[in-house]
Amino acid sequence: MRSRALAVTVVTLLMIWFAVPLVPVLLWAFANQWSFPSVLPDQWGLQGWRDAGDAGVLGAFVRSTVLGVVVATLAVALGAAAGRALAWAPSRWSSALALTLLAPVALPPFALAMGLDVLLLRLQVPPLVALVALLTVFALPYTTYTLRAAYTALDRGLEEQAWLLGATPTQAYLRVTLPALAPAVAAAAFLAFLIGWSDYVVTVVISGGQFTTLPLLIGSAASRTGNESLLAALSLLSLALPLATLLLAGTMTRRRDRGYAPSPSSPDPEPAHVS
Amino acid sequence: MSADLELRDVSFRHIPAGEYAVRNFSLEVAAGQMVALLGSSGSGKSTVLRLAAGLEDPQDGDVLIGGSSALGIAPQKRGITMMFQKPLLFPHLSVIDNVAFAGRIAGRSRRDARANAARFLDLVHLSHLAQRRSRQLSGGQEQRVSLARALAANPAVLLLDEPFGALDAAVRASMYDLLEEVRAVLDPTIVLVTHDLAEAALADHVAVLGNGSVAQLGTVAELHAKPRSVDVARLLGGFNEIGGQVVDDGVQGVLHRSSAGIVSLLHQGDLAHGPATLLVHRHSVRLHPRSERAAPSDPHAPDASQAPEDPENPEDVGSNDLCGTVTRLRPTGLRTTVTVALGLDLRHSGDGASLEADVPNDLSLRVGQAVNVSFADSGVWAVPAPSPAADQAVTYSSP
């Protein structure tokens with residue numbers, strides 16, 4: 001009872017911790033005017049949203065979404081392969097591979113982006129391709145480690161069992177392994193999507209500001225003063241898609257867990273004799 | 001549809017320079033037959049199944065299914081399926097869809113595959129759980145579903161890799177009944193891996209594995225009557241081992257001489273004279289409180305080792321008698337396992353020579369009581385000694 005109360009208290013405090021900074025953003029997004037020291041906006045309105053539309057928020061939103069989806073797709077595919085290799089086929093190179101994959105997390109993104117930008121320019125790689133490739137590299141540690149843990153927890157025998165029931169390796173992967181890994185794949189995809197969706201530094205460095213994503217628009221708005229409504233509207237918009245995805249994933253997980261939960265009547269006891 | 005399975009001189013090691021998991025292993029299983037592979041952990045029995053299934057490729061030898069080599073044929077094309085120790089039900093599928101999996105893979109419609117699966121679920125008496133997920137089943141139910149799923153794939157050969165090992169005794173017994181039912185209905189070729197003799201007894205033949213090859217092949221009765229080696233006897237369980245020498249004195253025939261006494265043997269053709277281990281199953285040992293029978297005067301003298309026979313008891317005809325002292329009584333329910341230190345003179349029984357006997361509870365014995373130990377010479381069996389210095393008795397109990 002006491003531990004439950006403690007858990008509720010901790011969760012509540014965490015929610016307040018995350019929600020408090022969002023309150024002014026929410027208020028600013030629907031304020032045309034809000035002067036100090038007023039507690040609430042002096043004038044409510046949608047000026048910030050209109051300014052956002054004028055700044056090209058729709059295009060930026062679409063570009064960020066596409067970038068996030070492409071990065072998530074590539075990073076999950078590569079991370080699944082790496083995670084499988086690390087979990088199911090460990091070799092003397094496993095440690096080196098694991099450390100290499102961690103490097104993007106350990107190294108400063110700006111330094112890495114600058115170095116790779118020079119390299120990719122020399123190789124004449126198109127900026128958009130370079131951007132996707134770089135962000136995928138940054139997302140790879142998250143997808144690899146998430147899926148490595150999932151593969152480690154998954155019984156390899158499931159695939160072998162599927163083969164022995166007539167499935168080809170591809171069929172076994174698509175019909176057995178992938179569905180069993182679905183929650184981890186979703187989590188990894190979400191993390192990788194966030195890398196692409198929210199990146200600022202790499203996008204600025206690689207695209208030279210030509211590929212305007214939502215974070216770039218926010219950065220641009222933040223560099224100016226007197227447009228807090230626009231900044232708040234853009235910030236709120238940048239929060240909307242990840243939050244919606246998170247809520248959707250949570251709903252689906254709960255639904256799936258309900259499907260797995262034991263039915264009200266407990267499993268039948270073993271028959272004493274089979275007739 | 002069942003098929004012959006043959007492994008011919010198969011050798012396999014997991015890493016190129018490593019030890020052989022299976023070496024020159026040969027086994028033939030006729031279509032519709034069931035063979036059990038009995039062996040201790042690490043004896044290579046599961047590897048044999050993986051080689052047969054195509055999950056591993058042998059470095060030498062051949063695997064033949066229905067008379068044709070299966071080497072190079074992928075596991076999904078061999079017509080073999082396998083039940084593992086873990087049920088390995090696909091967690092995202094319902095029970096019926098697990099059983100219908102092979103049908104769906106084969107291209108059947110969902111409705112058709114499910115209809116076929118329902119037949120096999122009915123066979124394992126789990127039709128009422130068709131819509132449940134694996135997490136909602138007990139261990140025994142999961143294995144039943146796993147068996148139904150394997151059978152629904154219509155395999156030519158069914159491999160069972162200790163599938164009942166994790167189940168409790170009652171559930172295991174019901175699975176044995178189920179397996180016999182399945183055999184009566186479908187008659188598949190089955191290879192069952194186990195380390196449990198009771199489970200192995202379900203099979204038509206039992207192959208005892210040792211050091212990666214077949215140490216002995218036969219029915220359970222044959223194995224018990226004539227275990228070929230100490231290792232086989234140990235695996236079967238329940239044998240007393242008495243180290244000593246086999247001699248033929250030309251008068252009384254073949255004898256086994258040890259510190260425990262002298263025992264006459266029926267002629268054992270291929271046993272050379274010299275170091276040998278006497279195997280006596282503890283069910284064959286009979287104990288008589290010393291007061292009821294005459295004691296041999298000297299256990300080391302051949303004529304003295306023979307206690308007077310009871311002409312009215314056919315089991316006593318041709319029996320061997322040794323002397324000993326009860327050192328431990330262990331009730332096991334309806335019977336009691338008695339440990340007897342062998343030797344007439346307890347001062348000379350300190351070499352550890354002892355044996356165990358299962359006796360009825362109504363045979364009143366107490367620790368320290370002197371007893372005569374008898375067993376018919378048809379109930380003893382000598383095998384080559386595992387090591388020349390093994391002149392002591394060791395008892396390995398049934399699991």
Side-chain angles (χ1 to χ4, degrees), chain A residues 88-94 150-187 249 252-275, chain B residues 50 53-55 74-94 98 101-106 124-126 128-129 131-141 144 146 149-150 152-155 159 167-168 170-171 173-181:
Chain A
W88 284 3
S91 71
R92 55 184 167 162
W93 303 109
S94 295
Y151 268 112
T152 303
L154 189 67
D155 197 320
R156 197 179 179 178
L158 284 172
E159 265 190 16
E160 292 184 340
Q161 183 69 82
W163 300 344
L164 292 169
L165 292 168
T168 62
T170 307
Q171 285 174 318
Y173 186 77
L174 294 176
R175 288 180 180 244
V176 174
T177 309
L178 207 51
L181 290 176
V185 168
M252 287 172 70
T253 304
R254 273 197 300 278
R255 188 172 295 171
R256 192 178 63 96
D257 288 346
R258 265 205 303 274
Y260 284 152
S263 57
S265 60
S266 59
D268 293 358
E270 294 295 336
H273 294 287
V274 178
S275 55
Chain B
R50 293 181 66 81
L55 296 175
Q76 67 269 19
K77 293 179 180 169
R78 291 195 178 197
I80 285 183
T81 193
M82 188 157 153
M83 261 181 85
F84 296 87
Q85 184 167 11
K86 284 184 277 186
L88 294 175
L89 298 185
F90 305 136
H92 60 291
L93 297 180
S94 64
N98 261 282
F101 184 84
R104 294 286 290 147
I105 289 292
V124 299
H125 313 285
L126 287 181
H128 59 295
L129 301 180
Q131 299 308 321
R132 289 197 185 175
R133 304 262 178 170
S134 60
R135 291 184 191 186
Q136 297 171 275
L137 304 178
S138 67
Q141 288 167 341
R144 282 166 183 269
S146 180
R149 183 177 63 177
N154 192 25
L159 307 176
L167 305 178
D168 62 53
V171 179
S174 76
M175 290 301 292
Y176 296 164
D177 291 343
L178 180 62
L179 194 58
E180 286 183 346
E181 269 187 79

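Just so it is clear: chains get the letters A, B, ... in the order the sequence lines come, proteins before strands, and each one is counted from 1.
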Do A/R175 and B/F90 have side chains that approach each other closer than 4.5 Å (heavy atoms only, starting at C-beta)? no
Does B/P91 reach the side chain of A/L158, with side-chain heavy atoms less than 4.5 Å apart? yes
In chain order, what residues pass the ring pair (Phe, Tyr, Trp, His ring centres under 6.0 Å) check against A/Y173, with sequence neighbours excluded? none
Atom group of [X] that falls short of 4.5 Å from chain A, counting heavy atoms:
X: B/A150; answer: backbone
X: B/A53; answer: both
X: B/L159; answer: neither

Is it the backbone or the side chain of A/A182 that comes under 4.5 Å from a heavy atom of chain B, or both, or neither? neither
Check whether A/Q171 gets within reach of chain B through its side chain, its backbone, both or neither, counting any heavy atom under 4.5 Å. side chain
Assess whether side-chain contact (heavy atoms from CB on, under 4.5 Å) is satisfied between B/L88 and A/D155, documenting all intermediate values. CA-CA 8 Å; B/L88 294 175; A/D155 197 320; 3.5 Å; yes
Give a yes or no answer on whether the side chain of A/Q161 reaches the backbone of B/M82 with a donor-acceptor pair at less than 3.5 Å. yes
Minimal non-hydrogen separation, [X] against [Y], with atom names:
X: B/A153; Y: A/L165; result: CB-CD2, 3.9 Å
X: A/L164; Y: B/P75; result: CD2-CB, 4.0 Å
X: B/Q76; Y: A/A167; result: CB-O, 3.4 Å

For chain A, which candidate among B/K77, B/K86, B/R78 shows the most heavy-atom pairs at distances under 4.5 Å? B/K86
Among B/R104, B/R50, B/M83, B/R149, who wins on heavy-atom pairs under 4.5 Å with chain A? B/R149
A/T177: partners by side chain to side chain donor-acceptor pair (under 3.5 Å), with sequence neighbours left out: A/E159
Greater than 12 external heavy atoms within 6.0 Å of A/W93's CH2: no
